[in-house]
Amino acid sequence: MSNLGDLLRNARLEKGMSLDDIQELTKIRKRYLEAIEDGDYKVLPGSFYVRAFVKTYAETLGLDSDEIVQLYKSDIPEPVSESASVEPIIQKRRRSERQRQDRAGKWISAVLMWLFLILIAVVIYFFYIHKASPNTDKVDTGTQITNEKKPPTKEENKGTGTETNPQTTTPETTPDVTPEVPENVAPTIVPSGKIGKANRIKVQTTSTEPIKVEITASGANSWLNVYKKVYKGEELFNANLLDGTTQTFELGEGLYIRLGNANHMEIKVGGVPIDDGNVARAERFVLQPEVKAPDTTTTTDTSTTTGE
């Protein structure tokens, strides 16, 4: 067993984490993690991956990965052969990309030239068509035709024995109904026991607006898994959250959250912080929304006005 392996194993045991927990957080196979702790790097797929696996393992445990690699660089094999073999492939891909770009540029230039010529031909065609067509759009507007009938005068009504009387209208006002909608308020956080290993949190709200869930790394980097509604549901986030950064999600139908180090993470639901225990180990939370219908008050104002 190497000194580096001893350090990683002791740090893992102090946090109460098993190799299965590390495998789930880092997505590194368990046998590779065992090989790193035993100093048997030949088991890993290549020296190119050794340094990356060691840094990921250390960051998951809350250690400074760069400092670990620098202190134990004599134990970690240098990825010489892999970088040397990858360089020609990268150069070849760059040349192919440049050739594709050159061909695409020539093709686009040809298409633009033909489109320009077609546009000129269309403009010339419509110019001559408009010039050759007779001017039939002029209309004699000197005579105004109207079918409107003028209302009979008072003298004409007397001649026929009829007289127009003004009608009396009675305006009525419709009931004025003004529903009072409550303002959006912060959700209520209700701890409700456990579901398996996860802490069940009910989020009660009367708001119709989407509820934001903010997760922030504070003090150190920490691994973060977020799934929609249940564990292993639709994966929304699975990465190492850097210190001082925040990830924001919508609560929707619910969220399943797993923290690599709860003492370096902070969860806020609609701006309200959740008590995550502040412990130096992995913690799980299930957030379940409960929407309550808001109470509304209806004010009715009825009045009738009669005009004569």
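- Side-chain atoms of Thr245 do not come within 3.5 Å of backbone N or O of Leu241 as any donor-acceptor pair.
- Residue Lys27 qualifies as enclosed at atom NZ: its count of foreign heavy atoms under 6.0 Å is above 12.
- In plain terms, the two heavy atoms of Gly252 and Pro289 that are nearest each other are O-CG, 3.3 Å.
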(request) Could you check Gln288 against Ile195 for side chain to side chain contact (heavy atoms under 4.5 Å, CB included), going step by step and ending with a plain yes or no? (result) CA-CA 11 Å; Gln288 297 178 336; Ile195 300 178; 3.7 Å; yes
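- Lys194 NZ: more than 12 foreign heavy atoms inside a 6.0 Å radius.
- Considering CD of Glu14 and CZ of Arg281, their distance stands at 15.0 Å, rounded to 0.5 Å.
- Using a 4.0 Å cut-off between charged side-chain N and carboxylate O, Arg31 and Glu34 make no salt bridge.
- Between Asn240 and Leu25 there is no side-chain heavy-atom pair separated by less than 4.5 Å.
- In Arg29, the CZ atom is not crowded: 12 or fewer heavy atoms of neighbouring residues, nucleotides or ligands sit closer than 6.0 Å.
- Summarising the local packing, CD of Glu253 is surrounded by 12 or fewer heavy atoms from other residues, nucleotides or ligands at distances under 6.0 Å.
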(request) For salt bridge (charged side-chain N to carboxylate O under 4.0 Å, His left out), just list the numbers for Arg100 and Glu97, CA-CA rounded to whole Å, side-chain angles, deciding distance to a tenth of an Å, and then say yes or no. (result) CA-CA 5 Å; Arg100 285 196 297 270; Glu97 184 66 25; 2.4 Å; yes
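- Here the closest heavy-atom approach between residue Ser65 and residue Glu59 is recorded as OG-OE2, 3.0 Å.
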(message) Applying side chain to side chain contact (heavy atoms under 4.5 Å, CB included) to Glu290 and Val203, what does each step give before you reach the verdict?
(response) CA-CA 6 Å; Glu290 285 190 355; Val203 182; over 6 Å; no
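- Connection of Ile124 to Phe127 is established within a shared hydrophobic cluster, with ILVMFWY side chains joined at heavy-atom distances below 4.5 Å, either directly or through further cluster members.
- Side-chain contact between Tyr227 and Glu234: absent, with no pair of heavy atoms (C-beta onward) separated by less than 4.5 Å.
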(request) Let me see the working for Glu235 and Lys228 under salt bridge (charged side-chain N to carboxylate O under 4.0 Å, His left out), right down to the final yes or no. (result) CA-CA 6 Å; Glu235 187 175 77; Lys228 183 177 288 187; over 6 Å; no
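- Linking Ile, Leu, Val, Met, Phe, Trp and Tyr whenever their side-chain heavy atoms come within less than 4.5 Å puts Trp223 and Leu33 in one cluster.
- Within the 4.5 Å cutoff, the side chain of Ile274 has heavy atoms near those of the Val269 side chain.
- Scanning all heavy atoms of the two residues, the minimum distance from Thr60 to Asn261 falls at O-ND2, 3.4 Å.
- With values rounded to the nearest 0.5 angstrom, Leu8 atom CG is found 7.0 Å from Leu63 atom CG.
- If you chain together hydrophobic residues whose side chains sit under 4.5 Å apart, Trp107 and Leu112 fall into the same group.
- Annotation: side chain of Ile201 is not in contact with side chain of Val190 (no heavy-atom distance under 4.5 Å).
- Separation of atoms OG (Ser192) and CZ (Arg200) is listed at 5.5 Å; rounding is to 0.5 Å.
- Using a 4.5 Å heavy-atom threshold, the side chains of Ile215 and Met265 count as touching.
- Inter-residue side-chain proximity for Val272 and Ile189 is flagged as met; some heavy-atom pair is nearer than 4.5 Å.
- Considering every non-hydrogen atom in both Leu61 and Ala11, the closest pair reads CD1-CB, 3.9 Å.
- At distances below 3.5 Å, not a single donor-acceptor pair connects side-chain atoms of Asn10 with backbone N or O atoms of Leu7.
- Here the side chains of Asp20 and Lys30 are in contact, with some heavy-atom distance below 4.5 Å.
- A distance of 5.5 Å separates CG of Leu287 from CG of Leu255, quoted to the nearest 0.5 Å.
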(request) Would you check, one step at a time, whether the test side chain to side chain contact (heavy atoms under 4.5 Å, CB included) holds for Leu259 with Phe285? (result) CA-CA 9 Å; Leu259 310 178; Phe285 298 89; 3.9 Å; yes
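- Checked for salt-bridge contact, Arg12 and Glu37 meet the test: a charged N lies under 4.0 Å from a carboxylate O.
- Follow the hydrophobic side-chain contacts under 4.5 Å out from Ile129 and you never reach Leu119; the two are in separate clusters.
- Taking the six-membered ring where tryptophan is involved, the planes of Tyr256 and Tyr231 are tilted, since the angle between them lies from 30° to 60°.
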(request) Show your reasoning for whether side chain to side chain contact (heavy atoms under 4.5 Å, CB included) applies to Ile267 and Val213. (result) CA-CA 7 Å; Ile267 304 175; Val213 178; 4.2 Å; yes
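- Val226 places none of its side-chain heavy atoms less than 4.5 Å from the side chain of Asn238.
- No path of Ile, Leu, Val, Met, Phe, Trp and Tyr side chains, each step under 4.5 Å between heavy atoms, connects Leu115 with Ile120, placing them in separate hydrophobic clusters.
- With values rounded to the nearest 0.5 angstrom, Asp243 atom CG is found 10.0 Å from Ser222 atom OG.
- Shown are Asn225, Asn199, Leu224; of these, the side chain to side chain contact (heavy atoms under 4.5 Å, CB included) with Ile257 is made only by Leu224.
- Salt bridge present: Arg9 and Asp38 bring a charged side-chain N and a carboxylate O closer than 4.0 Å.
- Asp64 places a side-chain N or O within 3.5 Å of a backbone atom of Asp66 that can act as its donor or acceptor partner.
- Residue Ala58 comes nearest to Ile68 through the heavy atom pair CB-CG1, 4.3 Å, listed as atom of the first residue, atom of the second, then distance.
- The CD1 atom of Ile22 sits 5.0 Å away from the OH atom of Tyr57 when rounded to the nearest 0.5 Å.
- Closest approach of Ile28 to Gln23, counting heavy atoms only: O-CG, 3.2 Å.
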